[in-house]
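First up is the structure itself, then whatever we jot down about it.
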Amino acid sequence: MLKLENLDVAIAETGEIRLKNINLTIKPGELHVLMGPNGSGKSTLANTILGSERYKIVRGKILLDGEEIQNLPPEERVKKGIFVSFQSPPEISMVNYMRFLKSVLEAHGLDPDEKRIKGILRKVGLDEEFLKRDVNKGFSGGEKKRAEMAQLLLLKPSYTVLDEPDSGVDVDSLKFIAGTINEILSRKAGVLLITHSARILSQLPSNFMVHILVDGEIRATGGPELVHRIEKEGFGS
Ligand SMILES: Nc1ncnc2c1ncn2[C@@H]1O[C@H](COP(=O)(O)OP(=O)(O)OP(=O)(O)O)[C@@H](O)[C@H]1O
Ligand SMILES: [Mg+2]
């Protein structure tokens, strides 16, 4: 169980509070959807779960199966089974994608088997040729998102935060991304999906929970009906 308990989070550099009293519990196999206006703090929350040093937890806890992890560095959190996909995945020069994926697997104590890597790349609809290219360099927006899904399938984390994996992707990419999320949910991973659109949700199990973040606070929690209300009425802010 991944539990956020009474979290207040500030921008490390300025001390400005960006998230207030966040409480959220994600159990194995559960899909939670986080929606909210631009600038409401969704990516801040994703980065806080990962342990980015740009953000400082000023109150509250992050618990992974009962263990406090809010003071652990990102690599330790990742080793414990937390995966956070970036809204804008970074480009890495001079490192080809195969070498990168192998080193990620090795860092997790997993077998850096080339055959498996190639199989998973096919699964997310990326050509093997991508493995020869620098990480994310010149990848299109949709290709970057698919590449993140490949990492997700390789690493099999217990809890995953996906920051707008569906933004700017075409219908085919969307299918691969939804397929990946369905696969990890069926393997009992817990998922927090940040999105602006109901489009991806129609391809996912319909028993998800929705949380609406406005101005750094969760203002409403409910089922899929909340998404339809937001689509019709907006966030009311
Ligand atoms: N490192 C930082 N330094 C200064 N301001 C920051 C920093 N990180 C986030 N912010 C500010 O905090 C607010 C929340 O940003 P965040 O990226 O979490 O929003 P978001 O909900 O993900 O928005 P979007 O839907 O546009 O992705 C914004 O006003 C942003 O400018
Ligand atoms: Mg964001």
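What you see is a predicted model; the values in this text were computed from it and never measured. Ligands are counted one by one from 1 in listed order, and the atoms in each one are counted from 1 as well.
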(message) Between ligand 1 and Gly39, is the shortest N or O to N or O distance under 3.5 Å?
(response) yes

(message) Just to check, does Glu16 reach to within less than 4.0 Å of ligand 1 when the distance is taken from its heavy atoms?
(response) no

(request) Kindly indicate whether the side chain of Gln203, heavy atoms from C-beta on, has any atom under 4.5 Å from the side chain of Ile177. (result) no

(message) Assess whether a salt bridge exists between Arg187 and Glu183, defined as any Lys/Arg side-chain N lying under 4.0 Å from an Asp/Glu carboxylate O.
(response) yes

(message) Any heavy-atom pair between the side chains of Leu105 and Ile117 that's under 4.5 Å?
(response) yes

(request) Please list, in chain and residue-number order, the protein N/O/S atoms closer than 2.8 Å to the Mg ion (ligand 2). (result) Ser43 OG, Gln87 OE1

(message) When you compare ligand 1 with Gln87, is there at least one nitrogen or oxygen pair between them that comes in under 3.5 angstrom?
(response) yes

(request) Indicate whether atom 31 (O) of ligand 1 is within a distance of less than 4.0 angstrom of some protein heavy atom. (result) no

(message) If you count heavy atoms of other groups shown closer than 6.0 angstrom to CD of Glu225, is the number above 12?
(response) yes

(request) Identify the protein heavy atom lying closest to atom 9 (C) of ligand 1, giving its residue, its atom name and the separation to 0.1 Å. (result) Tyr55 OH, 3.5 Å

(request) Determine whether the side chains of Asp8 and Asn21 contain a donor N or O and an acceptor N or O closer than 3.5 Å. (result) no

(request) Using a 4.5 Å cut-off on heavy atoms from C-beta on, say whether the side chain of Glu30 contacts that of Met209. (result) no

(request) With the side chain counted from C-beta on, respond yes when Ile22 and Thr48 share a heavy-atom pair under 4.5 Å apart, and no when they do not. (result) no

(request) Give the ring-plane orientation class for Phe130 versus Phe139, where under 30° counts as parallel, over 60° as perpendicular and anything between as tilted. (result) perpendicular

(message) For a quick test of reading the model, state the closest non-hydrogen atom pair linking Tyr159 to Ile26 and the distance between them.
(response) CE2-O, 3.4 Å

(request) Quick one: look up the protein heavy atom nearest atom 17 (O) of ligand 1 and list residue, atom name and how far away it is. (result) Ser43 CB, 3.6 Å

(message) Among all protein heavy atoms in this structure, tell me which lies nearest to atom 3 (N) of ligand 1, with the distance rounded to 0.1 Å.
(response) Ile11 CG2, 3.5 Å

(message) By the definition side chain to side chain contact (heavy atoms under 4.5 Å, CB included), identify the one residue from Ile230, Thr195, Leu31, Val227 that meets it with Val210.
(response) Val227

(request) Name the closest protein heavy atom to atom 26 (O) of ligand 1, giving the residue it belongs to and the distance to 0.1 Å. (result) Asn38 ND2, 3.0 Å

(request) Quick one: look up the protein heavy atom nearest atom 18 (O) of ligand 1 and list residue, atom name and how far away it is. (result) Thr44 OG1, 2.6 Å

(request) Answer yes or no: are there more than 12 heavy-atom neighbours, outside Lys3 itself, under 6.0 Å from its atom NZ? (result) no

(request) Could you find the nearest protein heavy atom to atom 12 (O) of ligand 1 and give me its residue, atom name and distance? (result) Arg18 NE, 2.6 Å

(request) Below 4.0 angstrom from a heavy atom of Glu164, which ligand 1 atoms are there? Numbered from 1 as shown, please. (result) 25 (O), 27 (O)

(message) Could you identify the single nearest non-hydrogen protein atom to atom 25 (O) of ligand 1 and state the distance to 0.1 Å?
(response) Lys42 NZ, 2.7 Å

(request) May I ask you to decide whether Glu114 forms a salt bridge with Lys102, counting only side-chain N to carboxylate O separations under 4.0 Å? (result) yes

(message) Please find the pair of heavy atoms, one from Pro157 and one from Phe83, that lie closest to each other, and give the distance.
(response) CG-CB, 3.4 Å

(request) May I ask whether Ser40 places a heavy atom under 4.0 Å from ligand 1? (result) yes

(request) Decide whether the shortest distance between a heavy atom of His196 and an atom of ligand 1 is less than 4.0 Å. (result) yes

(message) Checking the N or O distance criterion of under 3.5 Å, is ligand 1 in contact with Gly41?
(response) yes

(message) Under a 4.0 angstrom heavy-atom cut-off, which atoms of ligand 1 come close to Pro37?
(response) 21 (O)

(message) Are more than 12 heavy atoms, taken from residues, nucleotides or ligands other than Arg116, located less than 6.0 Å from that residue's CZ atom?
(response) yes

